[in-house]
J.: 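Encoded as structure tokens, here's the structure I'll be asking about.
The sequence lines fix the lettering, A, B, ..., with proteins before strands; numbering per chain opens at 1. The structure presented is a predicted model; accordingly, all values stated were derived computationally and were not measured.
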Amino acid sequence: MYANRRSKWIGLLYLTPALLFVLAFTVYPFIQMIWVSFNNWSLITPPRFIGLDNFERAFGDDQFWISLGFTLKYTLIITPILMIGGYLIALLVSSNSPLRRFTRTVVFIPVVIGLGVSSLLWYWLFSSDFGFVNRILLDLGLIERPVLWLGVDADRSNLAIIASIVWKVIGFGMILFVGAIQAIPTEITEATMVDGASYWQRVRRVILPLTRRTVLLVTLISVIGSLLAFDQFYIMTAGQPHNETATSVFYVYLNSFPYLKLGYGAALSLILAAIVLSFTVVQMLLTRRSEA
Amino acid sequence: MSAGSVLAARETQGARGLLSRLWAGRTKYLVGAVCLALCTIMLTPLVLSILASFKSTAEAAALPPVYIPSAITLDSYERLWTYQAGLPTYLGNSFGTAFMTIAFVLLLTVPAAYALARFPIPGKELMFVLLLLALIIPYQALLTPMFLMFAQFKLTNSLIGLAILHTAIQIPFSVYVLRNSFAAVPRELEEAAVMDGANSWQVLRRIFIPSLVPAIITVALFAFITSWNEFLGALVMMSKGSSFTLPDRDQPRRDGLGDAPGRRNHFHHPVHRRLPAPAEVLRVRASQRSSEMNERGTGISLGVALWSQASTWPEFLGAARRADQLGFDHVQTWDHIYAIFGDPHQPIFEGYAALAALAQATERTRLGLFVGANTFRNPALVAKTMTTIDHISGGRAVLGIGGAWFELEHRAFGFDFGSGFGQRLDWLGEAVRAIRTLLDGGEVTSDGTGRYAFDHLRLAPPPLQAHMPMMIGGGGERKTLRIVARYADIWNVFGLPETVNHKNAVLRAHCADVGRDDAAIERSVGCKVIIRSTEAAAQARYEEIIRHNRIDPERLVDDITWWVGTPEQIAETIRSYRAVGFHTFLCETPAPYDAETMETLINVVKPMVEGAEVHA
């Protein structure tokens, strides 16, 4: 209806502020990052162009691979827990009895709490002396003496952090799954009931396929979130022991800010962004296929 | 999108009757039990933390922790209210940033979404993708260039800068949600308005915005949550140092602590100023670029030497465990049997027994005495004891030893104090030679001219470590450093950088003389570190410690081994020692042991120091 030349310019006028903002604060930094990644730059001396050296160095940088490996390990462990756990809880609470509605609310509470705050909370809970995790495990007779959860052993730290993050974010997937499950038209479920399908058959044949889009979306959000994990590790282990629990973003942060190896940090960022992008592309392809 | 599907879901709750019928019957109880278990698990951490927040300080630090507070106090809330810059300041910062973010997001994305949904703009799809770009590039990756840009425009350490960052993070989600919402508004409404002569701005204000209230609230809410919770960006953009506006060192003090007679400057070298962390790092880089940096590079080792006086065992043990957990390279304690600071008759624990217990209670830190008093025990017994501790600890023992100096404890216990420093150092030389041989699996027989009378003495088992390091403390140039040059693996000394630099030169000369590679000796500086985010808070903590240990403050006026200040100041002091070749810092830690200092040392100061010179 505004299909005339004037309305084109008016529309552009509405769009311009947002476009300028994104150009200034997303596109420009991105381009600058690409440029910085080809340089050796520590802010003191002018940047020195070194071509692909930073990328070459990244491939030979053990700590980068350790960080990346650790991040992948963390992602591989936590994603199935979040997806399967979140989905099972969603199945459990998707109908609307008061108890289920209450459970839904309770499971969702930690999602609203900031990641920094919840990490501090769990840092305290996992403290070997003052923490309640050890106290409860001791009281239940599951351990004999306090366990040093954080910062001593990489796997144990990882386990503790995964537990805290599952607590923190499982409600996010759950709430989206509940939404998707509730959106399934009643007729379909009723039809399967008439056919005499058991509950788990129904889950497998009807509910799961019909919520597939949401499952893929939540998987993607969760995988990206895990690949970019930082807060919880920074707060709970600070990368200890010996940077074995430093995630990729943590390592980028270390290089870029405390170490001021800006070019190298930018190169690592780009590699990381490429990895995240590849996950996004795979997810998009999967979604498209599931729609076809 | 997430909010959208939740909203959509709420509208279609038709399935509910059916699903509840499905679960009817026996499964009902099972479902109820699972729900309750789930709620318990999810709520426990929150309930425990809420309960703990009402505990008194003593009860909150109780070992083992208690579930239910015995009495309710609001102390923690009071302290939180005034902690550092004070809770109101931090809340104000967070709210300010969050509301600015909401404003920016709405002002930018509502018109943009309107344009995308309703105007025939060429290349519209491309622009839409451009707006969603931040969704594809993780914003964490963009922080470096953003930081550089913000630094140029003085937007670091400003709430507006942070709000801009949060807006950039939030734009894709907002554009996406709002564009869909605009598209969902029936065209008839706006057509009618246009017929009545309304222009596009009036249509937006009168027609769209009222009917988009739910979507706008969703967008605002998510913007708020993002901004309120965002951590990494705030960490990078807002450097701690400058979020406090404490007066510069050169300005008159208003805190009542400064310039009192007898107050000494904890930092002699060099002059300190408050600067935001990255800028601080830069400045030091600039000043140190051309100079020194020995072959060890920028890495430093950190240790804590826990004072064994004026403490209780649980506190001592807790501090040692904490240090171990944090990743300190060394945990040490004194070998004194009378308190050496303040009242000598205060409680104090014996060193080797404490070490043996720590060997069992810690997992990875090295353990040793800071430093053992040679006069107290037969040195072969010391070698035997440390070998045992090496086995208990799984090969983490360091044998620390020195000539001893505190006459009072010798007199009280009836130990031979010798005729003076000279004689005690002769004893030390003989002792250290024997200890080295014994630790390396050799046999010792004394020649009868010295103090000790070993007779075909061997140790079995040998230590777990093939070479148990020996740490020798002291700066005596003629005798001690001679012994250090021959036998020490770690050498600890106290003093100003220029002093220890001189001692180091003397040590090098001794090494050359006895034919030992001086690079094999790890240089360590003893210090007493107190770190707080402001100088005043650190000073207050210092005074607290002095009182607790019953020390006359006047006696410490010239003691330059107390490093009391902010992380930036401590980092700079450490750099000034590293610059003269000292890479190990053994931080004496008095009771009441200071977890904040230990944590800041490892997590803030160490990266700060180690990052300063890498890659130059």
J.: What part of I170(A) lies closer than 4.5 angstrom to a heavy atom of chain B: side chain, backbone, both or neither?
T.: side chain

J.: Would you say the side-chain atoms of W228(B) pair up with the backbone N or O of G114(A), donor to acceptor, closer than 3.5 Å?
T.: no

J.: Check whether any side-chain heavy atom of L92(A) lies under 4.5 Å from a side-chain heavy atom of V34(B), and answer yes or no.
T.: yes

J.: Examine whether an atom of I169(B) lies under 4.5 Å from a heavy atom of chain A, and if so say whether it belongs to the side chain, the backbone or both; otherwise answer neither.
T.: neither

J.: Show your reasoning for whether side-chain contact (heavy atoms from CB on, under 4.5 Å) applies to L131(B) and L19(A).
T.: CA-CA 7 Å; L131(B) 290 178; L19(A) 276 179; 4.1 Å; yes

J.: What distance do N199(B) atom CG and I10(A) atom CD1 have between them, rounded to the nearest 0.5 Å?
T.: 7.5 Å

J.: Can you measure from CD1 (I113(A)) to CG (L46(B)) and round to the nearest 0.5 angstrom?
T.: 4.5 Å

J.: Atom SG of C35(B) and atom CZ of R101(A): how far apart are they, to the nearest 0.5 Å?
T.: 13.0 Å

J.: Measuring only between side-chain heavy atoms, which start at C-beta, is Y67(B) closer than 4.5 Å to I136(A)?
T.: yes

J.: Are W167(A) and M42(B) side-chain neighbours, meaning at least one heavy-atom pair lies under 4.5 Å?
T.: yes

J.: At a 4.5 Å cut-off on heavy atoms, which part of V22(A) comes close to chain B: side chain, backbone, both, or neither?
T.: side chain

J.: Apply side-chain contact (heavy atoms from CB on, under 4.5 Å) to residues L15(A) and L116(B) and explain how you reach the verdict.
T.: CA-CA 8 Å; L15(A) 199 54; L116(B) 287 172; 3.9 Å; yes

J.: Measure centre to centre between the rings of Y234(A) and F231(B), then say whether the value is under 6.0 Å.
T.: yes

J.: Would you name the heavy atoms of P29(A) and M149(B) that are closest together and state the gap between them?
T.: CG-CE, 4.0 Å

J.: For G32(B) and L99(A), which heavy atoms make the closest approach, and how far apart are they?
T.: CA-CD2, 3.6 Å

J.: In sequence, state the C-alpha distance, the side-chain angles, and the governing distance for D153(A) and E363(B), and then conclude on side-chain contact (heavy atoms from CB on, under 4.5 Å).
T.: CA-CA 10 Å; D153(A) 179 88; E363(B) 295 193 352; 5.8 Å; no

J.: Would you say that Y14(A) contacts I121(B) through its side chain, given a criterion of any heavy-atom pair below 4.5 Å between the two side chains?
T.: no

J.: Output the distance between atom CE (M33(A)) and atom CG (L143(B)), rounded to the nearest 0.5 Å.
T.: 10.0 Å

J.: Which bit of L107(B) comes within less than 4.5 Å of chain A, counting heavy atoms only: side chain, backbone, both or neither?
T.: neither

J.: Are any non-hydrogen side-chain atoms of V31(B) and R100(A) less than 4.5 angstrom apart?
T.: yes

J.: Taking all non-hydrogen atoms of both residues into account, name the closest pair between P45(B) and L121(A) and its distance.
T.: O-CD1, 3.9 Å

J.: Give a yes or no answer on whether the side chain of Y28(A) reaches the backbone of P145(B) with a donor-acceptor pair at less than 3.5 Å.
T.: no

J.: Would you check if L48(B) and R135(A) make a side-chain contact, meaning some heavy-atom pair closer than 4.5 Å?
T.: no

J.: With chain A, which of V110(B), I225(B), L130(B) has the greatest number of heavy-atom pairs at distances under 4.5 Å?
T.: L130(B)

J.: Looking only at heavy atoms and a cut-off of under 4.5 Å, which of I164(B), L43(B), I171(B) has the most pairs with chain A?
T.: I164(B)

J.: For D231(A) versus L232(B), what's the shortest heavy-atom pair and its separation?
T.: OD1-N, 4.3 Å

J.: Using non-hydrogen atoms only, which part of E230(B) is less than 4.5 Å away from chain A: side chain, backbone, both, or neither?
T.: neither

J.: Check step by step if side-chain contact (heavy atoms from CB on, under 4.5 Å) holds for W201(B) and L13(A).
T.: CA-CA 11 Å; W201(B) 177 248; L13(A) 204 66; over 6 Å; no

J.: Would you call F119(B) and W9(A) a side-chain contact if the rule is heavy atoms closer than 4.5 Å?
T.: no

J.: Quick one: does F25(A)'s side chain get under 4.5 Å of L165(B)'s, heavy atoms only?
T.: no

